[in-house]
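Per chain, numbering begins at 1; letters A, B, ... match sequence-line order.
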Number of protein chains: 2
Amino acid sequence: MAAKRSGAQNKQFQQTSVRLQPVQEASREPLLSRERIVATAVELLDAQGIGGLTMRRLADRLGSGVMSLYWHVDNKEDVFDLALDAVLEYRGPPQTIEPQDWRGEVVHMLEDWRASMLRHPWSASLLPRRALGPNILSRLELLSKTLSRAGVADAELNAAIWSLWNYVMGATITRASFDLSDDERATAQLRLTRLSERYPTIERSRLLLDNDWDGAFRKGLDFLLDGLAPRQ
Amino acid sequence: MAAKRSGAQNKQFQQTSVRLQPVQEASREPLLSRERIVATAVELLDAQGIGGLTMRRLADRLGSGVMSLYWHVDNKEDVFDLALDAVLEYRGPPQTIEPQDWRGEVVHMLEDWRASMLRHPWSASLLPRRALGPNILSRLELLSKTLSRAGVADAELNAAIWSLWNYVMGATITRASFDLSDDERATAQLRLTRLSERYPTIERSRLLLDNDWDGAFRKGLDFLLDGLAPRQ
DNA sequence: GATTGACTCGTACGTCGTACGGTGTAATGG
DNA sequence: CCATTACACCGTACGACGTACGAGTCAATC
């Protein structure tokens, strides 16, 4: 009859009620935990893509019954949200960046963000449709603070933040989806070649095959930053 | 025993074999057709979102059995591809734009593209993971030709096209996902307010609530174009 | 010894995409 | 005129999915 825990998680260790018998430890470790579930979900998503995450498969990997997951997690959407945020943590800029170099800080954070999503290609397409977790909010907060410090007026701050967000998301989603299916892309280019009388220009430039994604990303980002805030 | 039609569609009217008895028409019109299926799929997607499209629901709306769809369509992914491309047709710039105004042409096509996707909010998030249909390829071809005409070097053409693509896709996917759930967004901002000690800057600027999306889109696009090609 | 709460799980239901094979009808051609 | 063929349609059934429901186990507490 246990009333299912609603949303908020146990946090069994927040009250530092002194555990008696600290000696025997193996007995009372619960098999499942939010952390273990999320970590395994990320593994599964990395290995099998977005369609590969299944409550049954997840439980299998964890060696538990399917319904046991629901004690720790509200539903599958919850798992997605948690996995997504887990992948978006930011540890801050390296020490090599001067504190007054706002542009370097912004670029580092955004490139790190993009790299994190490309390491987990399912995450990019997921981010726009899910609620914003704490880690992505921290990134936005940092972005906001840094731009403000760089002299962007309050009235233009939101527009600047969303412009950068949009650019990073668009670039990363596109890039990630191209990674997913190298052969599909080749097939598409082949189909394109067959129709080259209809699309001669993009066929000639091998649009679907040749692109320096990283360089193009950095270049467009620079253009955007040039426009959004005065060059230092 | 009919060998299921593979991929390519009937095109029963391509051979202009003269139909006898043009008088009685009602008898020989097939109930289903690719066009009717696609049109109804778009209706369903517009009304119920991406999760609302179901082969069963689609068949219901069309007054047919579920499996009848599969005569005209390979599978559900096929339906998605067709619906997506159906929504992305481009009719070209209005006459008010001078032929030598390459920038006006590009901006018009990109804004029209964005508007088309926002009219069908499911389309934006679908586009990156699906194959490129003829209509989106036409848009890319036009973009490529116009930029080339504007003086963008061949070596930089692909990077320029993808930069614009990325920007448009990012802006539109984000915008569309925000449209989907006005209340979710308000809830998020509320949750944010409760945590305002952690995210003071974005809370103060009401990042999740206040933004001039259309203006910001246009502004960022201008910055990008400024960088990609010389101002006229 | 009884109660409570934390945690685990099996069964079952409704929904989904679609493989398989059958039905009916118009066109064909002998 | 009948047999064959191709087209268009559809019912049944299967395996997979998310998850509601309620029952089980076990340690801590009263």
Side-chain angles (χ1 to χ4, degrees), chain A residues 1-6 8-15 17-37 41 44 48-60 62-81, chain B residues 1-6 8-15 17-37 41 44 48-60 62-81:
Chain A
M1 236 161 257
K4 169 83 82 52
R5 176 166 33 234
S6 70
Q9 172 59 356
N10 195 355
K11 292 163 182 166
Q12 53 196 140
F13 293 93
Q14 81 179 11
Q15 304 214 50
S17 65
V18 238
R19 291 259 174 184
L20 302 188
Q21 313 108 317
V23 186
Q24 61 189 51
E25 62 279 355
S27 80
R28 241 345 41 205
E29 293 303 307
L31 213 161
L32 256 31
S33 73
R34 232 166 206 255
E35 291 72 26
R36 231 163 75 73
I37 291 176
L44 217 54
Q48 319 236 32
I50 217 156
L53 178 60
T54 282
M55 297 306 269
R56 283 173 234 258
R57 269 208 272 271
L58 190 49
D60 267 5
L62 288 160
S64 79
V66 195
M67 294 315 290
S68 308
L69 301 174
Y70 287 88
W71 176 258
H72 304 269
V73 142
D74 284 348
N75 47 43
K76 197 186 178 185
E77 291 209 336
D78 201 13
V79 178
F80 273 129
D81 287 349
Chain B
M1 234 160 263
K4 168 84 82 53
R5 175 164 36 231
S6 71
Q9 170 60 357
N10 194 353
K11 291 164 183 169
Q12 54 195 140
F13 293 93
Q14 79 180 13
Q15 304 215 48
S17 65
V18 238
R19 292 258 175 184
L20 301 187
Q21 312 109 316
V23 185
Q24 63 189 52
E25 63 278 355
S27 80
R28 232 5 18 220
E29 293 302 306
L31 213 161
L32 256 33
S33 73
R34 232 164 204 255
E35 291 72 25
R36 231 163 77 72
I37 291 176
L44 217 54
Q48 319 236 32
I50 217 155
L53 179 59
T54 281
M55 297 306 269
R56 282 174 234 258
R57 269 209 271 272
L58 191 50
D60 267 5
L62 289 161
S64 79
V66 196
M67 293 315 289
S68 308
L69 300 174
Y70 287 89
W71 177 258
H72 303 269
V73 144
D74 284 347
N75 47 42
K76 196 186 179 186
E77 292 208 336
D78 200 13
V79 178
F80 274 129
D81 286 349

Margin query: Please report the interatomic distance CG(A:Leu53) to NZ(A:Lys76), rounded to the nearest 0.5 Å.
Written below: 5.5 Å
Margin query: Using the side chain to side chain contact (heavy atoms under 4.5 Å, CB included) criterion, which residues pair with A:Glu35? Sequence neighbours excluded.
Written below: A:Ser33
Next item on the list: Mind calculating the distance between CG (A:Leu62) and P (C:dC9) to the nearest angstrom?
Entry: 10 Å
Check: Considering residues at least two apart in sequence or located in another chain, which fulfil the side chain to side chain contact (heavy atoms under 4.5 Å, CB included) criterion with A:Ser64?
Finding: A:Leu32, A:Ala59, A:Leu62, A:Ser68, A:Leu69
Check: B:Phe80 CZ to C:dT18 P: how many Å, rounded?
Finding: 10 Å
Note to self: Output the rounded distance in Å from CD1 (B:Ile37) to P (D:dC10).
What the structure shows: 11 Å
Notebook entry, point to check: Rounded to whole angstroms, how far apart are CE on B:Met67 and P on C:dC20?
Noted result: 10 Å
Check: When you measure from every atom of DNA chain D, which of residues 48-56 of chain A have a heavy atom less than 4.0 Å away?
Finding: A:Leu53, A:Thr54, A:Met55, A:Arg56
Margin query: Quick check on D:dC10: is either OP1 or OP2 less than 4.0 Å from any side-chain nitrogen or oxygen of B:Ser68?
Written below: yes
Check: Within this structure, what is the CZ-to-C1' distance between A:Arg34 and C:dC7, rounded to whole angstrom?
Finding: 15 Å
Next item on the list: Whole angstrom is fine here: how far is it from CG in A:Leu69 over to P in D:dT19?
Entry: 11 Å
Notebook entry, point to check: Between atom CG in A:Leu58 and atom C1' in C:dC9, what is the gap in whole Å?
Noted result: 15 Å
Checklist line | Distance below 4.0 Å between B:Trp71 side-chain N/O and D:dC9 OP1 or OP2 | finding: no
Check: Do the side-chain N or O atoms of A:His72 get closer than 4.0 angstrom to the phosphate oxygens (OP1, OP2) of C:dA6?
Finding: no
Item checked: Nearest atoms (heavy-atom pairs only) where B:Asn75 meets B:Tyr70 -> CA-CE2, 3.9 Å
Check: By side-chain hydrogen bond (donor to acceptor under 3.5 Å, both in side chains), which residues pair with B:Glu77, not counting sequence neighbours?
Finding: B:Arg130
Next item on the list: Kindly compute the distance separating CG (B:Leu44) from CD1 (B:Ile37), expressed to the nearest 0.5 Å.
Entry: 12.5 Å
Item checked: Residue pair A:His72 / A:Arg36, side-chain heavy-atom distance below 4.5 Å -> no
Check: Quick one: A:Lys76 NZ to D:dC17 P, roughly how many Å, whole number?
Finding: 8 Å
